[in-house]
Amino acid sequence: MVQQVDADYQFTGVEYVRAMGDGLVTIRNPHLNATLTLDSRDHHNPTRIAEGDAAADPPSQIRFDESWLPAQPGSAAPNGDGSAFTITPNGAGNARIDREYQRTGTSWTPGSVSFSVAVTGTPTRSARLKVTLNAASTGAVQLGSTVVLADVLTAGETEVLFNVPADTLAALQQTQEPVTIAIEVAGAAGAAVDIKSLRATTYRATPRGQARVGTWDGLWATTASTSKSPVATVGETSQRVCSSGSRTLESDSFVPKSFTWISRHLAVDVRIPTGLPNPAWQGSVQLYYHDRPEDTVSQFAGQFDLTGYPAGEWVTAHFTLPEPIFEALQETDRGSTLQISLMADAANGDCFRFDNVRFMGELQWNGATSSGLGDGPFVPVTTAERVLGFETEDAWHVVQGTPASVVESPTNPETNALSLPVSNYTVIESTSFPTSELFTFGPTLKLDVVSPPPVNPGWSGDASMFLKCMGANMSHQEVATNTVPLPQGSGAHVVNFVVPPAGLALLAQDNECQLRLVLNGPTNAGTYVLDNLRFAF
Ligand SMILES: [Ca+2]
Ligand SMILES: [Ca+2]
């Protein structure tokens, strides 16, 4: 049974799904001739399989099971409750589990692999977790960045994300050859690694706890010789940093409150170049936080020593933030910057690379809380509430038109809605959201609209919704709904958009999507209030 709870986690009496038995829920939709299976019998590895309207999706089947065993070398075994694998390195500190996935007859290509990791014991400083992919046309390639086990021990259980390099992804999309995904532990004598909740997506993903400056789509400011590199662990580019000696990079200004999930542990991926002259000293990275509006000096956040990690490989540099910086991230709503100081020799024929600033460890919500609660209990807002419910300022932005604002919902007291002035062609767009966070979707997308008094009785205007998703081939695909008349006159109206089968197929995949709403009205048509987007059958 799935029941709604209130802010105090007490049941409200509202039920969403009921199923008798062991956690296997099957929802049949005769209208679509489709079946949705929610399998939570292993509550650490829940899966969702949509059948009928789309073929069973290989990523939903990527999970830990006996087929990953035995470990070579080292040992690995399911945990007592079957929720996780414990990997124990051999005497030399090494262990590896892997699994081959067939792709014949599917269009599936893995774009990223993620899971949760916890470490016990006392790993050496160089002990790390590495994920690789091997296919005939690509050879063995590193996914994402290695994670240092000692840092996981410090940060606590953490979600880790390993993106397939863009060139590897492009090469795999040309074939249907099998891929082998391997999880390796290196140099970790005396430690054990617990991994659980394995998941694969068809696109390169962004870790939770990452804000705009973290993806490195643009270069950080530096006086060193620098350029963009397509060798990246998140997004399309990383920053290549050459020269020698001490080099400082400074991020664009950002609002600390814009980090919606934070922790005390900040991480950045560093690719150590080949051709460094002295393997006994590969250099170090220092992190600073600069509260620009306060105009104080940069605050030192920590140092990560690069010696001891392989050249030509990404490694995750970890920093435990001092308390004043952690407090600033929760409070500062004005521009700040991060600075990275690289101290290292110049590499012969290669350069350092940086990418992927994000938070590690247990994340805490740093964004908006749901409205109407005043000083009441703290409640994070779900994706559905933010995007479909128009509950927070950050979920939608105006692409064309005058600014919108979040107001109290005219139909649901103590919740929010979006107030949008419309004049001629007005366009708003949502933030991107993972389809996995939608509880339900169907061919009708309903929207509550409160309309202003008519200004042109002969033509009320019209509205169209567009669904834009990241396709399996790293390209954006956009699907339009029907165009409906904008409602006129006082009171609340319901507008029904029809999502075509192509849109339903995009939603059924493990995907990242955005919604774009186009309102085409008379000049100075007035202010519309939008609320409560929901899918229906
Ligand atoms: Ca990047
Ligand atoms: Ca709402």
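Each ligand, and each atom within it, is numbered from 1 in the order the structure gives.
Atom CD of Q299 and atom CD of Q339 lie 11.0 Å apart (nearest 0.5 Å). T154 OG1 to H318 NE2: the interatomic distance, rounded to the nearest 0.5 Å, is 5.5 Å.
The aromatic rings of W396 and F390 sit parallel to each other, their planes meeting at less than 30°, with 60° as the upper class boundary.
Rounding to 10 degrees, one finds that the Ca ion (ligand 1) sits at the corner of an angle of 80° between D355 OD2 and V234 O. Our summary of the site lists the angle at the Ca ion (ligand 1) between O of T215 and O of T237 as 120°, to the nearest 10 degrees.
For the Ca ion (ligand 2), the neighbouring protein N/O/S atoms at less than 3.0 Å, given as residue and atom, are G389 O, E391 OE2, N416 O, D531 OD1.
Between Y309 and F304, the ring center distance clears the sub-6.0 Å criterion.
For the pairing with S464, the side-chain hydrogen bond (donor to acceptor under 3.5 Å, both in side chains) check across T483, N520, T481 returns one residue only, T483.
At a cut-off of 3.0 Å, N356 does not coordinate the Ca ion (ligand 1) through any N, O or S atom. Metal site remark for the Ca ion (ligand 1): D217 contributes no N, O or S atom at a distance under 3.0 Å. Taking 3.0 Å as the threshold, A232 does not count as a candidate ligand of the Ca ion (ligand 1), since none of its N, O or S atoms lies below it. Here S238 does not reach the Ca ion (ligand 1): none of its N/O/S atoms is less than 3.0 Å from the metal.
With sequence neighbours left out, the ring-ring contact (aromatic ring centres under 6.0 Å, His included) criterion links F162 to F115.
A pairwise comparison of heavy atoms in L420 and T402 identifies CD1-O, 4.4 Å as the closest pair.
Using a cut-off of 4.0 Å between Lys/Arg side-chain N and Asp/Glu carboxylate O, E478 and R516 are scored as salt-bridged.
For Q330, the CD atom counts as densely surrounded, since its 6.0 Å shell holds more than 12 non-hydrogen atoms of other residues, nucleotides or ligands.
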